[in-house]
Amino acid sequence: MVVTRIEELSKSRSRIYIEEEAAFVLYKGELRLYHVRQGEDLAQEDYETILGQVLPRRARLRAMNLLKSRDYTTKQLHDKLKEGYYPEDVITQALEYVAGYHYIDDLRYAVSYITGQESVRSHRRIEQDLIRKGIDRETLEQAWQVWEDQGGVQDEQSMIRKLLEKKKYDPEHADRKELQRLYAFLMRKGFSGEQIRKVLLWEDAWEA
């Protein structure tokens with residue numbers, strides 16, 4: 001297999017292309033150690049050592065270091081490792097390693113996120129956030145159940161009232177235009193139409 005290109009990413013790291021395909025990233029010392037030279041063949045033994053030992057070990061360490069500072073979902077950690085140009089097989093191995101020690105746990109992450117956001121974000125907005133973070137629907141449902149079993153309660157009407165207070169909403173003097181504006185604002189926040197109407201006293205205001 002021929003090293004067709006060596007692309008310098010920094011003073012210490014280079015991206016290696018084999019047969020015109022991006023393969024992996026190595027440090028400068030590793031280029032010398034494994035005889036990686038542009039336009040020359042890479043020995044099969046060195047190739048297997050890089051993919052089977054060097055990169056998996058480095059990816060595990062990278063994942064562990066990332067998790068020291070904060071929690072990640074599986075997808076978030078995958079994406080961070082992808083940014084480091086690790087091959088997909090190596091990323092999978094690293095994720096399996098940290099998951100095996102419960103360093104990443106999507107259910108735990110989701111329950112923690114719900115608990116932290118229950119008083120400031122709507123149910124729908126929380127779900128949207130978690131889905132963007134890579135939490136699947138099944139895990140999401142389990143997380144809500146765990147949260148409820150732990151005594152979790154969400155009062156969306158109270159949250160809506162607080163938002164309306166910031167908007168200086170006065171139900172006695174609000175006209176239809178203001179109601180529509182506030183309704184649209186709260187819908188964008190993820191609150192249901194039913195909850196919004198109850199707090200806005202929509203029917204009473206429209207009848208006035």
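Keep in mind it's a predicted model, so treat the numbers as computed, not measured.
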Taking atom [atom1] as the centre, does [X] end up with more than 12 heavy-atom neighbours from other residues, nucleotides or ligands that are less than 6.0 angstrom away?
| X | atom1 | value |
| --- | --- | --- |
| Q44 | CD | yes |
| K28 | NZ | yes |
| R137 | CZ | no |

Do [X] and [Y] make a side-chain contact, defined as non-hydrogen atoms from C-beta onward lying under 4.5 Å apart?
| X | Y | value |
| --- | --- | --- |
| V90 | F24 | no |
| I160 | L200 | no |
| I135 | Y113 | no |
| M64 | V98 | yes |
| W144 | I126 | yes |
| I50 | L55 | yes |
| V120 | Q117 | yes |
| L31 | I16 | yes |

Nearest 0.5 angstrom please: [X] [atom1] to [Y] [atom2], how far?
| X | Y | atom1 | atom2 | value |
| --- | --- | --- | --- | --- |
| R37 | L42 | CZ | CG | 10.5 Å |
| L66 | L81 | CG | CG | 6.5 Å |
| L67 | Q76 | CG | CD | 10.5 Å |
| L95 | H78 | CG | NE2 | 6.5 Å |
| Y101 | R60 | OH | CZ | 9.5 Å |
| M1 | E21 | CE | CD | 13.0 Å |

Identify, with sequence neighbours excluded, every residue that meets side chain to side chain donor-acceptor pair (under 3.5 Å) alongside E19. none
For [X], all residues meeting side chain to side chain contact (heavy atoms under 4.5 Å, CB included), sequence neighbours excluded:
| X | value |
| --- | --- |
| A143 | L107, A110, V111, I114 |
| A22 | R15, Y17 |
| R125 | R121, S122, Q128, D129, K189 |

For the residue pair [X] and [Y], what are the closest heavy atoms and their distance?
| X | Y | result |
| --- | --- | --- |
| M159 | E118 | CE-O, 3.5 Å |
| G134 | D106 | O-OD2, 4.5 Å |
| S10 | E8 | O-CG, 3.0 Å |

Hey, is R161 close enough to E165 for a salt bridge, meaning N to O under 4.0 Å? no
Using the six-membered ring of Y109, assess whether NZ or CZ of K133 lies under 6.0 Å from its centre and within 45 degrees of the ring axis. no
Cationic tip of R70 within the cone over Y72's six-membered ring, i.e. under 6.0 Å and within 45° of the normal?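 Positive - R70 is close enough to the ring of Y72 and near enough to its axis.
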Is [Y] reachable from [X] through a run of hydrophobic residues whose side-chain heavy atoms are each under 4.5 Å from the next?
| X | Y | result |
| --- | --- | --- |
| L163 | M187 | yes |
| Y169 | Y183 | yes |
| L33 | V54 | yes |

Remaining members of the apolar cluster that contains Y85, side-chain heavy atoms under 4.5 Å: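 Members other than Y85 - counting any ILVMFWY side chain reachable under 4.5 Å - are L9, V25.
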For residues 82-97, which residue pairs qualify under salt bridge (Lys or Arg N to Asp or Glu O under 4.0 Å), counting only residues two or more places apart or in two chains?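 The answer is K80-E83, K82-E88.
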N/O donor-acceptor pair under 3.5 Å between [X] side chain and [Y] backbone:
| X | Y | result |
| --- | --- | --- |
| E156 | H123 | yes |
| S112 | R108 | no |
| E30 | Y27 | yes |

Check the pair Q154 / W147 against side chain to side chain donor-acceptor pair (under 3.5 Å), numbers first and verdict last. CA-CA 10 Å; Q154 193 174 43; W147 171 77; over 6 Å; no
Run L164 and L186 through side-chain contact (heavy atoms from CB on, under 4.5 Å) and show every step you take. CA-CA 9 Å; L164 290 175; L186 293 166; 4.0 Å; yes
